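Only a predicted model underlies this, so the values are computations on that prediction, with no experimental measurement involved. First listed ligand is number 1; within each ligand, the first listed atom is number 1.
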Amino acid sequence: MTTKTAQRLTAQNLGPAVEALRRGDVVAIPTETVYGLAGNAFDSNAVAKIFSVKERPSFDPLIVHIPPELNSVSKLAHAGIVDEQKMTPNMKNSFEALAVAFWPGPLTMILPKQKKISDLVTSGLDRVGVRMPAHPLAQEILRETGLPLAAPSANRFGRISPTTADHVLDELGDRIPFVIDGGACEVGVESTVVALDHDKVWLLRPGKISATELSRIVSLPVERAPNIHEKASPGMLASHYAPRKTFYIVDDLKSVSQYINNLSFDLLVTAGEPEAALKILANAGLKPNRTEAISKSSNPAEAAKNLFAAMRTLDRSTGKVMIATPTPSEDGLWLAIADRLNRASKKA
Ligand code: TXA
Ligand code: MG
């Protein structure tokens with residue numbers, strides 16, 4: 001039996017992907033955050049295909065991607081995506097301010113939806129997450145198809161998000177016709193997700209755009225969503241981004257032996273040169289099988305860009321256990337990195 005392999009398309013040859021999307025198929029596309037598995041958000045069959053290819057449970061809603069032209073509530077309403085009638089003046093003000101400041105870019109805003117957006121996209125919720133990606137190839141696909149594209153990260157459900165076309169081919173190559181290769185994703189972690197309310201902006205998922213940056217732009221308070229709102233964002237499951245091997249975040253490397261049970265291990269150094277970490281381990285008589293340092297200069301943007309690729313590399317390495325050092329702070333992008341590491345790890 002032969003396994004079908006997805007064809008890799010580049011900027012010069014997007015035609016087949018555009019046609020596939022128009023006829024209701026799914027295609028992996030690059031964005032500045034992570035690769036997405038895209039399908040027509042108006043077509044329930046296409047959306048159902050996204051869920052089945054990813055093996056994603058239907059209670060976890062998808063983000064809808066829009067082209068740069070749809071940069072206002074009225075244009076999004078006219079395009080059949082957002083229900084302007086259900087937005088209060090405060091919500092509209094927050095939307096317009098955030099769109100001007102951060103779109104195109106890694107920000108998803110949850111807004112009242114119109115009927116045309118398939119209920120499957122929103123898992124039956126009456127609101128839809130909308131994002132205008134900055135990646136030029138994502139923009140070109142959105143323009144050429146003329147469709148809003150529902151796109152979750154292009155990984156199997158619960159696994160590490162892909163930041164290169166090769167990652168997508170590894171995960172889903174046998175299940176989809178095309179992967180558009182747009183190079184390595186610049187941001188590396190998924191978009192910041194916010195829900196706009198009449199009196200508040202809820203931060204549902206931390207990303208490159210931090211709560212502090214959001215607060216500077218909107219006049220309403222910005223609050224990290226408590227658990228009740230996590231229900232409204234069902235995809236924020238505690239266990240996510242999971243490597244196949246057991247993964248611990250260890251504050252004090254001197255205590256690594258407690259976690260590894262005499263097994264071989266791999267090491268993810270979140271910030272700084274790996275030598276300091278390796279020295280502490282050596283003093284405890286331990287040596288990792290393989291080490292990945294995601295930002296030797298402790299730069300959170302660099303760490304975010306390298307995070308998922310390093311997790312994949314270590315997951316494939318022969319060590320039996322994976323250990324990561326914690327982030328040096330929870331400011332800005334470090335919070336997004338800490339969030340992804342926490343979801344991927346076993347609580348010690
Ligand atoms: O950067 C990104 O956002 C990437 C790229 C491809 O754009 N996409 C992405 O999609 O990360 P996904 O499906 O892996 O994550 C979407 C998150 C989930 O946590 C989901 O629960 C939440 O957004 N979400 C989507 N629509 C929602 C809605 N209507 N209400 C509440 N939460 C929603
Ligand atoms: Mg995802």
Side-chain angles (χ1 to χ4, degrees), residues 26-39 41 47 50-51 53-66 81-83 86 102-114 117-135 137-139 141-142 148-163 167-168 171-172 179-180 182 185-197 202-209 225 228-242 304 308 336 339-340 343-344:
V26 297
V27 170
I29 62 168
T31 83
E32 72 279 26
T33 55
V34 300
Y35 276 72
L37 181 62
V47 177
I50 296 175
F51 279 97
V53 163
K54 272 198 69 141
E55 297 170 41
R56 179 166 171 132
S58 59
F59 60 74
D60 192 10
L62 309 180
I63 292 172
V64 171
H65 297 70
I66 53 160
I81 299 166
V82 167
D83 187 344
K86 296 208 178 104
F102 301 117
W103 274 5
L107 177 69
T108 297
M109 292 193 250
I110 301 199
L111 305 165
K113 83 169 185 85
Q114 282 189 42
I117 293 289
S118 163
D119 281 329
L120 269 182
V121 168
T122 58
S123 306
L125 299 171
D126 55 5
R127 292 187 171 210
V128 60
V130 181
R131 173 161 118 74
M132 183 189 286
H135 195 292
L137 295 188
Q139 294 184 349
I141 285 288
L142 287 160
L149 296 176
S153 50
N155 50 281
R156 298 188 193 193
F157 181 70
R159 310 226 71 97
I160 302 166
S161 294
T163 53
H167 296 165
V168 180
E171 291 254 334
L172 304 175
V179 178
I180 298 172
C185 301
E186 260 318 299
V187 178
V189 293
E190 304 85 346
S191 60
T192 303
V193 179
V194 294
L196 307 186
D197 254 357
W202 295 102
L203 175 60
L204 301 184
R205 179 173 71 183
K208 177 166 191 269
I209 296 161
I228 186 161
H229 269 259
E230 287 188 0
K231 256 197 228 146
S233 195
M236 301 305 290
L237 302 174
S239 157
H240 223 93
Y241 310 100
F308 289 147
D339 172 74
R340 304 317 188 263
R343 286 177 204 282

Contact atoms of ligand 1, heavy-atom distance to [X] under 4.0 Å:
X: Leu125; result: 30 (N)
X: Glu190; result: 1 (O), 2 (C), 11 (O)
X: Ser191; result: 1 (O), 2 (C), 3 (O)
X: Arg56; result: 12 (P), 13 (O), 14 (O)
X: Ser153; result: 8 (N), 9 (C), 10 (O), 12 (P), 14 (O)
X: Pro152; result: 10 (O), 12 (P), 13 (O)
X: His65; result: 5 (C), 6 (C), 7 (O)
X: Arg205; result: 2 (C), 3 (O), 9 (C), 11 (O), 15 (O), 16 (C), 17 (C)

Qualifying residue, where the test is side-chain hydrogen bond (donor to acceptor under 3.5 Å, both in side chains) with Lys113 and the options are Thr122, Asp119, Asp126:
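Going through Thr122, Asp119, Asp126 one by one, the side-chain hydrogen bond (donor to acceptor under 3.5 Å, both in side chains) with Lys113 is satisfied by Asp119 alone.
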From Ser153, does some N, O or S atom reach closer than 2.8 Å to the Mg ion (ligand 2)?
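An N, O or S atom of Ser153 is closer than 2.8 Å to the Mg ion (ligand 2), so yes.
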Applying a heavy-atom cut-off of 4.0 Å, say which part of Asp60 lies close to ligand 1: side chain, backbone, both or neither.
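For Asp60, only side-chain atoms sit under 4.0 Å from ligand 1.
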Taking all atoms of both residues into account, what is the closest heavy-atom pair of Gly188 and Thr163, and its distance?
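Nearest pair, atom of Gly188 first, then Thr163: O-CG2, 3.6 Å.
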Looking at Leu107, is its backbone amide N or carbonyl O close enough to the side chain of Thr192 to form a donor-acceptor pair, meaning the two atoms are under 3.5 Å apart?
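No: the side chain of Thr192 does not pair with the backbone of Leu107.
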Glu55/Arg159 under salt bridge (Lys or Arg N to Asp or Glu O under 4.0 Å): CA gap, chis, key distance, verdict:
CA-CA 11 Å; Glu55 297 170 41; Arg159 310 226 71 97; over 6 Å; no
Taking the side chain as every heavy atom from C-beta outward, state whether Ser191 and Arg205 have any atom pair closer than 4.5 Å.
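In short, these two side chains touch, coming nearer than 4.5 Å.
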